[in-house]
Amino acid sequence: MYIGNTDISNLILLTPKRFGDERGFFSESWNRKTLAESGIDIDFVQDNHSLSRAVGTVRGLHFQSPPHAQAKLVRCGRGRLFDVAVDVRKGAPTYGQWYGVELSFENGKQLLIPEGFLHGFMTLEPDTEIIYKCSDYYAPECDGSVRFDDPDIGIEWPLTDVEFTVSAKDRDAQSFADFDSPFTY
Ligand SMILES: Cc1cn([C@H]2C[C@H](O)[C@@H](COP(=O)(O)OP(=O)(O)O[C@H]3O[C@H](C)C(=O)[C@H](O)[C@H]3O)O2)c(=O)[nH]c1=O
């Protein structure tokens, strides 16, 4: 397992080892003990899996407020996507800073997103599947979102020449200026 830091504290990029042979490959996509040995011990309780049919599908930027804040371990099960986390931990030196990375079936990379971040992604291929572990259960009463294209965050989404597929909920999300983060650093 390759474990790498990013320029935002606690936001970590992981690449599990793949054992290739004539059949294909085998990989431990998550091993709590392996991560704990690197000081990352999160009690994940829910796995999420979504399929996005169209290129340029955007889901996010979402969060769950305390007491049901979620850390996430995100990977791409099929296709390619640009995964983004935005630091919204009040008091963090990187508050409002975003980090994006391409996750794909081919590269096997995973993004470990702690509590206190907005999360969203854009698909880069048709029929892209995202799979992610969450450290708390779905709590719709704590669900919140911020516009994925908010200029105050300034995410440089990789696709600009396609019509984005976005849910009504995400199109109606609040601006970053209106967002009062419930998270502290
Ligand atoms: C998130 C979630 C949703 N649902 C139900 C609620 C809706 O009836 C349906 C679709 O939910 P939603 O439109 O919120 O799904 P996404 O737009 O993919 O939202 C997710 O996308 C971004 C990228 C995230 O990081 C969050 O996990 C989550 O907000 O699934 C559940 O039953 N359990 C859940 O944990």
Side-chain angles (χ1 to χ4, degrees), residues 6 8 10-14 29-30 40 42-89 94 96-105 107 109-150 153-159 162-176 178-183:
T6 67
I8 299 178
N10 312 112
L11 186 65
I12 297 168
L13 191 59
L14 309 170
S29 52
W30 174 69
I40 303 166
I42 299 173
D43 183 18
F44 292 112
V45 296
Q46 179 177 309
D47 272 3
N48 292 343
H49 178 184
S50 70
L51 164 68
S52 299
R53 292 284 187 200
V55 176
T57 298
V58 178
R59 296 180 187 244
L61 303 169
H62 299 161
F63 65 94
Q64 277 197 179
S65 300
H68 297 291
Q70 295 173 315
K72 295 168 186 169
L73 179 57
V74 185
R75 65 191 176 98
C76 180
R78 178 170 51 145
R80 277 189 314 134
L81 60 91
F82 186 72
D83 205 57
V84 173
V86 184
D87 189 353
V88 289
R89 300 169 295 181
T94 48
Q97 186 174 320
W98 65 274
Y99 172 84
V101 63
E102 184 172 311
L103 305 181
S104 68
F105 168 75
N107 72 22
K109 290 180 181 179
Q110 301 180 4
L111 190 60
L112 182 64
I113 305 171
E115 296 178 6
F117 284 72
L118 307 178
H119 178 230
F121 67 91
M122 171 185 279
T123 61
L124 304 177
E125 284 181 7
D127 298 329
T128 286
E129 297 183 51
I130 190 169
I131 299 165
Y132 50 105
K133 302 183 110 35
C134 299
S135 64
D136 206 335
Y137 300 104
Y138 179 52
E141 73 279 7
C142 295
D143 206 22
S145 53
V146 173
R147 281 284 306 201
F148 68 94
D149 56 357
D150 192 289
I153 303 176
I155 297 169
E156 296 166 14
W157 295 105
L159 299 182
V162 299
E163 185 177 343
F164 296 165
T165 300
V166 184
S167 69
K169 178 184 84 171
D170 288 351
R171 285 205 183 279
D172 295 338
Q174 66 186 313
S175 68
F176 193 52
D178 291 340
F179 171 59
D180 181 17
S181 175
F183 305 104

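Note that ligands are numbered from 1 as they come in the structure, with each ligand's atoms numbered from 1 the same way.
- Residue contacts with ligand 1 for I130 are absent, since no atom lies close enough (heavy atoms, distance under 4.0 Å).
- In this structure the side chain of L61 never reaches within 4.5 angstrom of the side chain of D150, judged on heavy atoms.
- Under the 4.0 Å distance rule, the nearest protein heavy atom to atom 33 (N) of ligand 1 falls inside the cut-off.
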Query - Stepwise side-chain contact (heavy atoms from CB on, under 4.5 Å) check, L11 with L112 - result: CA-CA 6 Å; L11 186 65; L112 182 64; over 6 Å; no
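- The pair D143-K169 meets the salt-bridge criterion, since a charged nitrogen lies less than 4.0 angstrom from a carboxylate oxygen.
- Scanning all protein heavy atoms for the shortest distance to atom 7 (C) of ligand 1 gives Y138 OH, 4.7 Å.
- Scanning the protein for heavy atoms near atom 26 (C) of ligand 1, the closest one is Y132 OH, 3.5 Å.
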Requested in this report: Using the ring pair (Phe, Tyr, Trp, His ring centres under 6.0 Å) rule, take Y132 and F121 through it: C-alpha gap first, then chi angles, then the decisive distance, then the call.
Outcome: CA-CA 12 Å; Y132 50 105; F121 67 91; 7.6 Å; no
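- Across R59, E125, E129, a single residue satisfies side-chain hydrogen bond (donor to acceptor under 3.5 Å, both in side chains) together with S52, and that is R59.
- The protein heavy-atom contact nearest to atom 28 (C) of ligand 1 is H62 ND1, 3.4 Å.
- At least one N or O atom of K169, backbone or side chain, sits closer than 3.5 Å to an N or O atom of ligand 1.
- Using a 4.5 Å heavy-atom threshold, the side chains of L111 and L13 count as touching.
- Closest to atom 23 (C) of ligand 1, if we only count protein heavy atoms, is H119 ND1, 3.5 Å.
- The distance from the CZ atom of R53 to the CG atom of L51 is 4.5 Å, given to the nearest 0.5 Å.
- Note: no N/O pair closer than 3.5 Å links S50 and ligand 1 by distance alone.
- The nearest protein heavy atom to atom 18 (O) of ligand 1 is closer than 4.0 Å.
- Checking R59, K72, Q46 against atom 16 (P) of ligand 1, the nearest heavy atom belongs to R59.
- Proximity of atom 11 (O) of ligand 1 to the protein is not indicated, since no non-hydrogen protein atom lies closer than 4.0 angstrom.
- In this structure, the side chains of F117 and I8 come closer than 4.5 Å at one or more pairs of heavy atoms.
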